Amino acid sequence: MTARVIDGKAFAARVRAQVAAHVARLRDEHGLVPGLAVVLVGEDPASQVYVRNKGTQTTEAGMQSFEHRLPAQTSEADLLALIAALNADPAVHGILVQLPLPKHLDSDLAINAIDPAKDVDGFHISNVGLLGTGQKAMVPCTPLGCLMLLRDHHGSLAGLNAVVVGRSNIVGKPMAQLLLGDSCTVTIAHSRTKDLGAVCRGADILVAAVGRAEMITGDMVRPGATVIDVGINRVERNGKLRLVGDVDYASAAAVAGAITPVPGGVGPMTIACLLANTLTACCRAKGLPEPDGLTA
């Protein structure tokens with residue numbers, strides 16, 4: 001068996017096109033332009049690249065992009081003051097504070113200072129609680145992207161056994177909540193799960209989000225299962241750095257029914273879903289219908 005490759009890059013392009021079309025209608029019919037504000041503190045190289053990509057894709061979708069780059073020594077009071085100003089700005093519908101923050105800043109404090117209605121990362125404690133109780137919430141971008149890929153591949157997810165390997169607040173826990181919301185039977189596993197291989201082999205859907213390079217091998221995958229690899233790990237091979245996932249792609253693809261590659265799988269969906277969340281936040285703020293297929 002050779003797994004079908006789930007092309008996240010192509011799917012993300014379709015999501016961005018759908019977002020751009022809806023943004024154009026908002027502008028033409030309501031004179032409304034969604035706005036995304038991104039706050040970057042410090043000069044982390046990976047964060048700078050990510051923020052630049054977000055800005056480019058935001059403007060390409062027809063939205064307003066507001067970037068706030070603060071020095072690494074920015075005080076907590078100044079960061080919170082900026083967030084308060086963005087909360088009050090009617091042109092800003094989504095706010096994202098790029099993580100990680102410098103060590104002297106409290107990430108939880110900053111995230112929970114964001115207006116939950118503008119929390120397009122879905123990390124605010126109010127959105128976490130709403131998602132956990134099955135209510136309308138802003139949903140974290142990466143799990144939302146995974147859910148979109150799964151719905152596109154399977155149609156209905158109802159009744160399928162899903163195993164999420166990883167229990168982070170950013171991916172693992174919200175991913176499990178989303179799968180429960182689509183009527184899967186869900187198990188959360190992690191690095192300390194006893195006989196992890198046996199647990200994984202019970203999955204129709206296996207989501208790897210544990211943050212360890214190639215931890216999930218082919219003998220841990222049920223034949224025909226769908227494997228969603230959230231991991232992005234840099235490893236050295238033959239003197240060169242390579243990007244690999246949390247899944248050993250070659251061995252898993254030999255037995256899985258479908259699999260996301262790294263790169264080109266889940267990664268492109270994250271920014272696409274950030275744009276979708278910004279659009280959704282804008283529509284909710286104005287009492288307008290939400291775009292079809294872009295929410296959980």
Side-chain angles (χ1 to χ4, degrees), residues 1-22 122 131-132 134-166 171-189 199-209 216 220-230 245-247 249 252-262 264-277 279-280 283 289-296:
M1 177 185 295
T2 301
R4 173 196 163 191
V5 178
I6 298 176
D7 189 342
K9 186 176 181 180
F11 193 93
R14 295 198 297 272
V15 170
R16 294 196 305 272
Q18 187 178 348
V19 168
H22 201 100
L131 178 60
Q135 301 179 66
K136 183 181 289 188
M138 296 306 300
V139 177
C141 302
T142 299
L144 178 58
C146 294
L147 184 70
M148 288 182 180
L149 293 175
L150 287 167
R151 285 174 172 172
D152 181 68
H153 178 68
H154 284 280
S156 173
L157 305 182
L160 296 179
N161 290 322
V163 173
V164 179
V165 186
V171 179
K173 292 176 184 176
M175 187 76 251
Q177 294 290 351
L178 290 173
L179 291 166
L180 282 171
D182 269 28
S183 299
C184 291
T185 300
V186 181
T187 300
I188 298 181
V199 173
C200 292
R201 283 190 292 273
D204 301 307
I205 295 170
L206 179 59
V207 181
I216 306 298
M220 300 168 72
V221 177
R222 179 178 181 174
T226 301
V227 178
I228 303 294
D229 189 353
V230 181
D246 290 352
V247 176
Y249 184 85
V255 293
I259 190 169
T260 58
V262 177
V266 173
M269 291 297 296
T270 298
I271 295 182
C273 288
L274 175 66
L275 303 181
N277 276 355
L279 172 60
T280 297
C283 291
E290 296 176 20
D292 291 333
L294 297 180
T295 60

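Please read these numbers as outputs of a predicted model, since none were measured by experiment.
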**Student:** Report the distance from atom NE2 of H22 to atom CG of L275, rounding to the nearest 0.5 Å.
**Tutor:**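 The CG atom of L275 is 13.5 Å from NE2 of H22, to the nearest 0.5 Å.
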**Student:** Is there a side-chain contact between L147 and L157 in this structure, where contact means two heavy atoms from C-beta onward sitting under 4.5 Å apart?
**Tutor:**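 A side-chain contact under 4.5 Å exists here.
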**Student:** What is the distance from atom CE of M269 to atom CD1 of I271, rounded to the nearest 0.5 Å?
**Tutor:**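 That separation rounds to 12.0 Å.
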**Student:** Show the nearest heavy-atom pair for residues R4 and H153, with the distance to one decimal.
**Tutor:**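 For R4 versus H153, the nearest heavy atoms are NH1-ND1, 2.6 Å.
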**Student:** Taking C200 as the fixed residue, which of V227, I216, V221 is the one that meets the side-chain contact (heavy atoms from CB on, under 4.5 Å) rule?
**Tutor:**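 In the set V227, I216, V221, the residue that makes a side-chain contact (heavy atoms from CB on, under 4.5 Å) with C200 is I216.
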**Student:** For the CG atom of L144 and the CE atom of M138, what is their distance to the nearest 0.5 Å?
**Tutor:**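 Going from CG on L144 over to CE on M138, the span is 9.0 Å.
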**Student:** Pair L131, L178 - check side-chain contact (heavy atoms from CB on, under 4.5 Å), show working.
**Tutor:** CA-CA 8 Å; L131 178 60; L178 290 173; 3.8 Å; yes
**Student:** What distance do L160 atom CG and H154 atom NE2 have between them, rounded to the nearest 0.5 Å?
**Tutor:**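 Reported value, rounded in 0.5 Å steps: 6.0 Å.
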**Student:** Could you report the tightest heavy-atom contact between A12 and P268, atom names first, then the distance?
**Tutor:**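 Shortest heavy-atom contact: CB-O, 3.4 Å.
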**Student:** Grab the two heavy atoms, one from T295 and one from M148, that are nearest each other, plus how far apart they are.
**Tutor:**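 That closest heavy-atom pairing would be N-CE, 4.5 Å.
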**Student:** Can you tell me how far the CG atom of L150 sits from the CG atom of L179, to the nearest 0.5 Å?
**Tutor:**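 Atom-to-atom, L150:CG and L179:CG are 6.5 Å apart.
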**Student:** Any salt bridge (Lys or Arg N to Asp or Glu O under 4.0 Å) pairs touching residues 153-162, not counting sequence neighbours?
**Tutor:**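 Output for this query is empty, none listed.
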**Student:** Rounded to the nearest 0.5 Å, how far does CD1 of I205 lie from CG of L149?
**Tutor:**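 Between atom CG of L149 and atom CD1 of I205 there are 11.5 Å.
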**Student:** Step by step, work out the side-chain contact (heavy atoms from CB on, under 4.5 Å) result for R14 and D152.
**Tutor:** CA-CA 12 Å; R14 295 198 297 272; D152 181 68; 4.2 Å; yes
**Student:** With a 4.5 Å limit on heavy-atom distance, are the side chains of Y249 and I259 in contact?
**Tutor:**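 Yes, side chains in contact.
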**Student:** Minimum heavy-atom separation for G172 and V164, please, with both atom names.
**Tutor:**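 Closest approach of G172 to V164: O-CG1, 3.7 Å.
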**Student:** Give the minimum heavy-atom separation between N277 and V139, together with the two atoms involved.
**Tutor:**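 Reported closest heavy-atom pair: ND2-O, 2.8 Å.
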**Student:** Which pair of heavy atoms, one from C273 and one from C141, lies closest together, and at what distance?
**Tutor:**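 Result for this residue pair: CB-O, 3.6 Å.
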**Student:** Indicate yes or no for a side-chain donor-acceptor contact from D246 to the backbone of D229 under 3.5 Å, with no hydrogens or angles considered.
**Tutor:**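 No; zero donor-acceptor contacts below 3.5 Å.
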